[in-house]
Amino acid sequence: MAWQSARMRYFLGDLSATALASALAAVAAALAIPDSLPSLAGMLIGMALGTVLALPCTLVASQFLGMIEPMIQIMLGCMMAGMAEAMADSAGAALGLAAAAGLGSGCGIVACLSCAVADCVLRQERAE
């Protein structure tokens, strides 16, 4: 039982760290990427910006959660958040900073849950 409660604490920590880092990446993309940029260019810049911001976020989260555990989720979430925010702005949505943070945090939650499902599937195959 203690193993399961510790695993749940780490999962919730990963989820929170990923959602927060992704919200930060989306807000940074909203501030840095002009709305007039074509969608493809904005996506590439948003992904690069998310990748750059994922490193310091991972280093901060690693102080509490370990280095390897949150790294992939934070990287995926930040990349997805930067791209999604750039696509929304280039489509004419012109999100405000609060909406960009909500979009980024949603991307982070999706990335974290996707990694958790993949981990669960891999663990089931190893148990057989």
Side-chain angles (χ1 to χ4, degrees):
M1 271 305 171
W3 176 82
Q4 289 178 342
S5 67
R7 183 146 178 82
M8 183 55 76
R9 280 196 312 264
Y10 276 110
F11 171 74
L12 292 175
D14 291 346
L15 186 69
S16 301
T18 305
L20 186 61
S22 299
L24 178 66
V27 168
L31 293 172
I33 301 171
D35 297 344
S36 60
L37 217 56
S39 183
L40 181 61
M43 284 173 46
L44 293 174
I45 293 170
M47 183 177 67
L49 185 60
T51 302
V52 168
L53 286 175
L55 181 62
C57 292
T58 300
L59 292 175
V60 170
S62 71
Q63 299 298 312
F64 306 102
L65 302 168
M67 187 64 181
I68 299 300
E69 187 72 26
M71 183 188 328
I72 293 175
Q73 292 133 308
I74 290 175
M75 183 67 72
L76 288 174
C78 286
M79 288 170 53
M80 192 174 9
M83 288 191 308
E85 201 290 320
M87 287 188 330
D89 278 354
S90 70
L95 300 176
L97 294 182
L103 174 67
S105 134
C107 289
I109 290 169
V110 167
C112 192
L113 292 177
S114 298
C115 288
V117 168
D119 180 54
C120 189
V121 167
L122 291 173
R123 286 180 186 273
Q124 287 296 331
E125 289 183 13
R126 262 193 306 187
E128 292 178 22

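What's counted below: heavy atoms across the whole structure, side chains too, no hydrogens, waters or symmetry copies.
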(message) I need the single residue from Thr18, Asp14, Leu55 that forms a side-chain contact (heavy atoms from CB on, under 4.5 Å) with Ile74. Which is it?
(response) Thr18
(message) Minimum heavy-atom separation for Met83 and Met43, please, with both atom names.
(response) CG-O, 3.3 Å
(message) With clusters defined by side-chain heavy atoms of hydrophobic residues (ILVMFWY) lying less than 4.5 Å apart, directly or transitively, does Met79 cluster with Ile33?
(response) no
(request) Show your working on side chain to side chain contact (heavy atoms under 4.5 Å, CB included) between Ser114 and Leu76 and close with a plain yes or no. (result) CA-CA 10 Å; Ser114 298; Leu76 288 174; over 6 Å; no
(request) Would you confirm whether Glu85, through its side chain, and Ala100, through its main-chain N or O, come within 3.5 Å as a donor-acceptor pair? (result) no
(request) Over all heavy atoms of both residues, which pair between Met80 and Cys107 is shortest? Give the atoms and the distance, please. (result) CE-O, 3.4 Å
(message) Please tell me whether Leu53 and Leu44 are part of a single hydrophobic cluster in this structure, the criterion being side-chain heavy atoms less than 4.5 Å apart.
(response) no
(request) Output the distance between atom CD (Gln73) and atom CG (Asp119), rounded to the nearest 0.5 Å. (result) 8.5 Å
(message) If you compare all heavy atoms of Leu37 against all heavy atoms of Ile45, which two are closest, and at what distance to 0.1 Å?
(response) CD2-CD1, 3.5 Å
(message) When you group the ILVMFWY residues by side-chain heavy-atom contacts below 4.5 Å and let the links chain together, are Met8 and Leu113 in the same group?
(response) yes
(message) How close do Ala25 and Ala81 get, counting heavy atoms only, and between which atoms?
(response) CB-CB, 4.5 Å
(request) Check Ser22 against Cys78 and note the closest heavy-atom contact, atom names and distance. (result) OG-N, 3.5 Å
(message) Using the rule given for side chain to side chain contact (heavy atoms under 4.5 Å, CB included), can you reason through Met67 versus Leu59, listing the C-alpha separation, both sets of side-chain angles and the distance that settles it, and then say yes or no?
(response) CA-CA 7 Å; Met67 187 64 181; Leu59 292 175; 3.9 Å; yes
(message) On a heavy-atom basis, which atom in Phe64 and which in Tyr10 lie closest, and how many Å separate them?
(response) O-CE2, 4.2 Å
(request) Mind checking the OG1-CD spacing from Thr58 to Glu69? Nearest 0.5 Å is all I need. (result) 12.0 Å
